[in-house]
Visitor: 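Just passing along the structure, written as structure tokens.
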Amino acid sequence: EQNWDFAAVKSYNLTISSEFNNLSDKISAIINHEQKVDKQAFISEFAVFCRKFTKFICDCGVSLYGQDFVR
């Protein structure tokens with residue numbers, strides 16, 4: 001069984017939060033036409049964020065509930 005180090009989870013949470021805030025700012029800029037945003041690069045960046053976030057949630061779920069979480 002995998003045990004989570006709380007400090008590592010907290011650190012990873014701060015990273016995810018920072019990336020989310022960055023993407024949120026870009027979404028606002030796109031919607032408000034405040035600046036030119038490379039939409040193709042944004043979509044790629046957003047996809048990477050989604051994969052990281054999904055992995056984080058799954059890892060936490062497996063740590064808390066075991067392999068049944070991902071079934």
Visitor: Between atom CG of Asn13 and atom CZ of Phe53, what is the distance when rounded to the nearest 0.5 Å?
Guide: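 With rounding to 0.5 Å, CG (Asn13) is 9.0 Å from CZ (Phe53).
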Visitor: Supply the atom-to-atom distance Ile27 CD1 to Asn32 CG, rounded to the nearest 0.5 angstrom.
Guide: 11.5 Å
Visitor: Report yes if the side chains of Phe42 and Leu23 come closer than 4.5 Å at any heavy-atom pair, otherwise no.
Guide: yes
Visitor: Mark yes or no for whether Thr54, through its side chain, and Cys50, through its backbone, hold a donor-acceptor pair below 3.5 Å.
Guide: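 Checking the backbone N and O of Cys50 against the side chain of Thr54, a donor-acceptor pair under 3.5 Å is found.
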Visitor: To the nearest 0.5 angstrom, please state how far the CG atom of Asp25 sits from the CZ atom of Phe20.
Guide: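 Atom-to-atom, Asp25:CG and Phe20:CZ are 10.0 Å apart.
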Visitor: From Ser44 OG over to Phe49 CZ, what is the distance, rounded to the nearest 0.5 angstrom?
Guide: 14.0 Å
Visitor: Would you list the pairs meeting salt bridge (charged side-chain N to carboxylate O under 4.0 Å, His left out) in which at least one residue belongs to residues 43-53, sequence neighbours left out?
Guide: Glu19-Lys52, Lys26-Glu45
Visitor: Given 3.5 Å as the limit, does a donor-acceptor pair link the side chain of Ser18 with the main chain of Leu14, or not?
Guide: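 Looks like no, no N/O pair under 3.5 Å.
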Visitor: Count I, L, V, M, F, W, Y as connected when their side-chain heavy atoms are under 4.5 Å apart, and connections chain through other members. Are Ile16 and Val48 then in the same cluster?
Guide: no
Visitor: For Asn21, check side-chain hydrogen bond (donor to acceptor under 3.5 Å, both in side chains) against everything at least two apart and list the hits.
Guide: none
